[in-house]
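Chain letters run A, B, ... following the sequence lines, proteins first and then strands; every chain starts at 1.
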Amino acid sequence: MSRKYWLVKCEYDTCSFEELSNRPNGIGYWRGVRNYQARNFIRDEMEEGDQAFFYQSNCKEPGVAGVVDIVRAGYPDPSQFDDAHQYYDEKSTKDDPRWFSLDVQWAKAFEPYVSLQDMKENKRLKDMKVVQKGQRLSIQPVTEKEFDIVCKMGGL
DNA sequence: GCCAACGTTGGC
DNA sequence: GCCAACGTTGGC
């Protein structure tokens, strides 16, 4: 079992990388992923010990701010059972949960920040999912090679 | 704020 | 099971 690599997206306004670093132990919880492809990655493939890029979307300069460790993955997303929650799913049951969550821990910040534009301009990253047009998936697998390249761009 | 790309829903 | 309509994502 070798370590896997991911890219996890978050809207900048909801959870910036800086905000994550200020939390107790730098731990953040992913809730509300309601896409089946992303769900399958979280439930079936993501494991404790994997690493991920923390990608910020919906902001002036979208891109990767740094690296997080996956500290827990593939457990049922609590928000689906809470009928007061915006992510409540009435069709999901505790015996057969439909949606899953992951927890991440702040690991290392990039310096410099690696913007989407930077990644698009790097020919060696042309097959990376996040640079493809129309790619909206919030949880994406990243190859080891892509992980190394982007880490170098981010000064690690 | 616009709009292209994509996923989901639901009628048939 | 097709596909049009609709909703959402997310870069620009």
Side-chain angles (χ1 to χ4, degrees), chain A residues 4-23 28-46 50-68 70 73-104 106-143 145-147 149-156:
Chain A
K4 293 198 262 315
Y5 301 97
W6 306 94
L7 180 147
V8 294
K9 283 188 194 174
C10 200
E11 290 185 31
Y12 182 74
D13 291 342
T14 313
C15 50
S16 71
F17 195 57
E18 196 187 341
E19 194 245 326
L20 182 70
S21 74
N22 290 326
R23 290 197 198 178
Y29 310 92
W30 246 252
R31 300 282 184 269
V33 175
R34 294 293 181 268
N35 170 286
Y36 286 103
Q37 237 184 310
R39 188 279 308 268
N40 292 345
F41 285 134
I42 298 170
R43 186 189 59 185
D44 305 335
E45 297 198 44
M46 203 176 255
D50 288 356
Q51 288 194 301
F53 292 138
F54 189 99
Y55 181 90
Q56 297 174 155
S57 67
N58 268 318
C59 56
K60 200 171 162 194
E61 200 176 26
V64 177
V67 174
V68 293
I70 308 299
Y75 66 95
D77 182 342
S79 69
Q80 69 194 310
F81 306 123
D82 177 0
D83 62 8
H85 202 282
Q86 74 172 115
Y87 293 125
Y88 176 63
D89 185 344
E90 58 175 8
K91 291 178 189 149
S92 186
T93 64
K94 293 201 177 184
D95 288 340
D96 186 20
R98 183 179 289 190
W99 307 112
F100 290 79
S101 277
L102 66 133
D103 300 352
V104 304
W106 191 94
K108 284 174 261 179
F110 277 179
E111 178 57 44
Y113 182 78
V114 179
S115 70
L116 178 62
Q117 189 60 36
D118 294 334
M119 292 189 281
K120 282 183 172 172
E121 284 170 4
N122 189 328
K123 286 200 178 69
R124 298 172 68 201
L125 297 176
K126 67 175 169 45
D127 294 325
M128 197 173 169
K129 290 213 167 33
V130 76
V131 306
Q132 315 284 317
K133 195 177 177 184
Q135 182 54 259
R136 306 188 313 182
L137 201 56
S138 57
I139 308 286
Q140 302 178 0
V142 170
T143 67
K145 205 163 141 195
E146 290 161 354
F147 191 84
I149 295 168
V150 176
C151 278
K152 286 210 179 73
M153 291 166 74
L156 297 184

Check whether more than 12 heavy atoms from other residues, nucleotides or ligands sit under 6.0 Å from atom CD of A:Glu18, and answer yes or no. no
Closest heavy-atom pair, A:Arg23 versus A:Tyr29, reported as atoms and distance to 0.1 Å, is NH1-N, 4.1 Å
Which part of the nucleic acid does A:Glu11 contact within heavy-atom distance under 4.0 Å: base, sugar-phosphate only, or nothing? nothing
Where A:Pro76 and A:Phe81 come nearest, the two heavy atoms and their spacing: CB-CE1, 4.3 Å
Listed partners of A:Lys4 passing salt bridge (Lys or Arg N to Asp or Glu O under 4.0 Å), at least two apart: A:Glu47
Any side-chain donor paired with an acceptor under 3.5 Å for A:Asp118 and A:Ser115? yes
Tell me, which of residues 123-139 of chain A have any heavy atom that sits under 4.0 Å from an atom in DNA chain B? A:Lys133, A:Gly134, A:Arg136
Taking any atom under 4.0 angstrom from a heavy atom of chain A, which nucleotides of DNA chain B are the first and last to qualify, 5' to 3'? B:dA5 to B:dT8
Going through the distances and angles, do A:Phe17 and A:Val68 end up as a side chain to side chain contact (heavy atoms under 4.5 Å, CB included)? CA-CA 9 Å; A:Phe17 195 57; A:Val68 293; 3.8 Å; yes
Using a 4.0 Å heavy-atom cut-off across all strands, classify A:Tyr12 as base, sugar-phosphate, or nothing. nothing
Quick one: pull up CD in A:Glu146 and CD in A:Gln140 and give me the separation to the nearest 0.5 Å. 9.5 Å
When we call it a touch if two heavy atoms are under 4.0 Å apart, what does A:Lys120 touch: a base, just sugar-phosphate, or nothing? sugar-phosphate
Any carboxylate oxygen within less than 4.0 angstrom of a Lys/Arg side-chain nitrogen, looking at A:Asp77 and A:Arg98? no
